[in-house]
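Every heavy atom of this structure was used, including side-chain atoms; hydrogens, water molecules and symmetry mates were not. One-based numbering, in listed order, for ligands and for the atoms of each.
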Amino acid sequence: MPSCKDSARQAHLTVHRIRPRRVLMSIFLLGILTACATPEPASVDGSGAPRPSAGEVTAGVAAAHPLAVEAGLDVLARGGTAADAAVAVQAMLGLVEPQSSGIGGGAFLLHYAADSGEITAFSGRETAPAGAEPDMFLDAEGEPLSWFEAIVGGRAVGVTGVMPMLGAAQQRFGALPWSALFDASIGAAEDGFEVPQRLARFAAGGRWPQAEVPDVIELFTNAEGETISAGEIWRNPAYGQTLRRMAERGPRTLLEPPISTRIIERASQPPLPGTLVQADFDAYAPVMSEAICGGFLDHRVCVPPPPSSGVALLQMLALLEHTDIDQRGPDDPVAWLQFAEASRLMYADRNQYVADPAFVDVPVAGLLDPAYVAERAELIGDRAGSLPEAGSPPGLAWAPDDRFRHTGTSHFVVVDAAGNVVTMTTSVESIFGTGRTVGGFFLNNQLTDFSFVPEVDGVPVANAVEPGKRPRSSMSPVLVFDVDDRLVAALGSPGGSAILAYNAKTIVGLLAWELSLQDAIDLPNLVTLGENFFGEASKFPEDVRTGLVELGIDVQPGRGEESGLHGVVFHADGRVEGAADPRREGIWRTLVDQEG
Ligand code: GLU
């Protein structure tokens with residue numbers, strides 16, 4: 001593991017030593033939901049770091065598969081913007097990494113506009129149909145359905161939002177015609193591509209029920225009647241057809257007949273038939289809003305508003321501001337203890353209070369209230385404490401929804417030559433979503449992100465199912481700015497509930513321990529949720545692991561390994577440094593690498 005001392009110090013990351021942290025912290029918090037969404041332009045007189053101007057930035061893409069990166073670079077090379085390239089990346093991910101994301105799923109995106117400094121949050125989160133019921137994930141006895149039963153059920157399918165959302169982002173920030181963004185993915189779907197290791201592994205089946213769904217078996221069976229294997233050339237012509245239609249007809253193609261009709265038919269079949277109707281598709285609209293921002297070590301961290309759980313990530317960072325984690329490093333067990341305990345406090349509140357703000361009152365300001373955070377931070381002691389309950393931030397009382405979920409998600413970052421940035425987390429929920437296909441893509445099972453139980457001991461759960469509501473998400477794409485409002489990083493990860501811990505680890509690595517982005521991503525994952533300390537136990541040096549046991553934390557392997565962090569750091573000297581998580585198949589590549 002790299003030590004803090006060994007890692008290259010990054011000029012811009014040292015800026016945070018200049019000003020008193022607490023003062024800045026309160027400025028950031030005062031600015032939440034208002035000024036923080038639209039920073040003042042940075043000065044260009046030498047007193048602050050100027051924003052990069054057009055043509056100065058190294059354009060590049062960090063994503064979970066090289067073909068998706070190439071598809072994005074191809075669009076950038078044709079003069080496309082980050083928003084244009086994001087469409088191409090998503091279309092390709094749906095082909096080469098369908099276990100994680102696809103055009104039938106949902107997503108959250110943050111866009112940074114280099115010329116104005118404007119940050120825009122886009123939500124393409126799925127909605128529940130009008131016919132959804134609060135008890136639709138309960139069995140006849142009123143008990144929650146088993147997880148394996150629910151995730152392949154028709155009623156798990158939400159109205160897909162990712163392409164309408166990308167359509168909105170591309171319409172606002174794109175430069176190329178929509179129809180020009182699918183060439184690479186149509187080509188690969190129709191001409192074939194080498195089956196990636198991870199896709200082959202998931203197609204081969206395993207402990208997930210999607211492997212038994214006839215659509216999955218059919219899609220991944222080759223002409224010889226065998227399940228596709230890594231390295232063989234595979235085609236998905238039905239997907240190519242769908243993309244051709246999407247290129248021609250626009251971002252709402254899946255929400256309109258005939259494709260919507262086929263989605264409705266497939267989702268209405270057993271097991272657990274759903275209630276989707278055309279009116280649900282007609283009613284769908286992606287949401288564009290301001291980001292919410294909080295402070296950490298004299299930086300400003302921005303995330304999408306709920307139903308993304310980004311606010312919880314901000315709370316965890318705020319809790320860590322009350323520790324001396326930045327005086328420690330990754331080789332210090334106490335630093336990981338602080339990280340773990342802040343995680344537990346964060347998840348306790350997240351599980352209770354985060355849901356769709358169009359339906360319930362989410363106490364965003366309360367969760368980040370300095371006095372409340374300070375009080376909660378007192379629970380971070382010298383040893384792992386007992387299981388914390390959620391606190392009572394200013395706001396309403398809800399019962400918790402605390403299941404651990406993971407695996408069907410991807411994250412990518414695009415930087416264009418003008419310095420515009422897209423950071424986007426995208427998901428079909430679990431592996432291959434429901435396992436049901438239409439037109440070569442998978443139908444999501446995102447509605448299983450709702451609480452299965454509508455109330456606990458008579459107290460309503462904020463994240464209960466309601467018609468038209470969006471389920472709570474752990475997806476939280478991140479943008480980080482320095483004191484001069486200069487963009488310093490864009491990042492994010494898949495990983496279900498663990499996304500928040502993966503993102504927090506990377507931000508701590510970057511800002512508190514001043515690691516390079518790659519070293520920060522490579523740090524062992526530690527996911528502390530409820531009573532469990534999951535993580536990459538064998539990646540912690542022996543003395544750190546022993547030290548953690550002495551502090552009451554016995555890191556258990558088995559969960560917490562499936563991060564897929566991708567990100568980019570912008571150095572003050574103009575260098576752009578991207579990184580990809582070695583735990584997946586992704587890469588970072590620049591236009592210069594590509595053209596060279
Ligand atoms: N559906 C999950 C969410 O939105 C993400 C699942 C995953 O990361 O695998 O929180």
Side-chain angles (χ1 to χ4, degrees), residues 64 93-94 97-102 104-109 121-128 137 147 150-152 156-162 165 198 202 206-208 210 287 303-313 346-347 350-351 354-356 401-412 423-435 442-452 462-463 465 469-478 491-504 525 527 529 534 559-566 581 583-584 586:
L93 285 174
E97 203 200 23
Q99 67 274 18
S100 299
S101 80
F108 291 91
L109 182 158
F122 291 90
S123 164
R125 190 64 168 166
E126 295 87 339
T127 50
F137 291 119
W147 181 243
I151 62 177
V152 290
V157 184
V159 178
T160 170
V162 61
M165 177 201 81
R198 273 178 70 84
F202 288 114
R207 288 172 295 125
W208 40 92
Q210 289 91 335
V287 179
V303 292
S308 157
S309 296
V311 59
L313 175 64
M346 174 268 285
Y347 279 118
R350 190 293 289 259
N351 293 346
V354 178
D356 184 350
D401 168 25
D402 55 4
R403 280 162 313 119
F404 190 95
R405 309 161 164 119
H406 59 127
T407 56
T409 302
S410 202
H411 185 86
F412 64 86
T423 178
M424 170 166 156
T425 316
T426 173
S427 175
V428 286
E429 195 347 68
S430 24
I431 298 156
F432 304 130
T434 49
F442 287 103
L443 307 191
N444 69 77
N445 53 3
Q446 213 73 246
L447 301 191
T448 57
D449 272 355
F450 279 120
S451 170
F452 282 18
N463 187 34
V465 185
K469 192 175 177 182
R470 291 170 158 87
R472 180 186 77 200
S473 174
S474 299
M475 295 192 276
S476 54
V478 176
L491 57 92
S493 181
S497 309
I499 288 171
L500 301 167
Y502 299 150
N503 286 351
N525 286 329
V527 185
L529 216 157
F534 291 115
R559 281 172 175 184
E561 286 87 346
E562 289 281 338
S563 57
L565 287 149
H566 292 101
D581 198 325
R583 300 163 184 90
R584 298 212 180 186

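- Counting only distance, with no hydrogens or angles, the side chain of Gln210 and the backbone of Gly433 share a donor-acceptor pair below 3.5 Å.
- Asn503 places a side-chain heavy atom less than 4.5 Å from the side chain of Leu491.
- Atoms of ligand 1 lying under 4.0 Å from at least one heavy atom of Gly495, given by number and element, are 7 (C), 8 (O).
- Counting heavy atoms under 4.0 Å from ligand 1, residue His411 does not touch it at all.
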Worked check of side chain to side chain contact (heavy atoms under 4.5 Å, CB included) between Asn351 and Arg472: CA-CA 9 Å; Asn351 293 346; Arg472 180 186 77 200; 4.0 Å; yes
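- Interface of Met475 with ligand 1, defined as ligand atoms under 4.0 Å from a residue heavy atom, comprises 4 (O), 10 (O).
- Classification of Arg125 and Asp449 as a salt-bridged pair holds, one side-chain N sitting under 4.0 Å from a carboxylate O.
- For the atom pair CE of Met346 and CG of Leu313, the computed distance is 6.5 Å after rounding to the nearest 0.5 Å.
- Of the heavy atoms in Ser427, only side-chain atoms (C-beta onward) come closer than 4.0 Å to ligand 1.
- Ligand 1 has an N or O atom lying under 3.5 Å from an N or O atom of Ser473, backbone or side chain.
- Side chain of Ser309 to backbone of Ser473: a donor-acceptor contact under 3.5 angstrom is found.
- Put simply, no part of Arg472 is less than 4.0 Å from ligand 1, judged by heavy atoms.
- With Thr425, Thr409, Asp449 as candidates, the residue nearest to atom 7 (C) of ligand 1 on a non-hydrogen basis is Thr409.
- For atom 8 (O) of ligand 1, the candidate residues are Gly408, Pro494, Gly496, Ser497; the nearest heavy-atom contact is made by Gly496.
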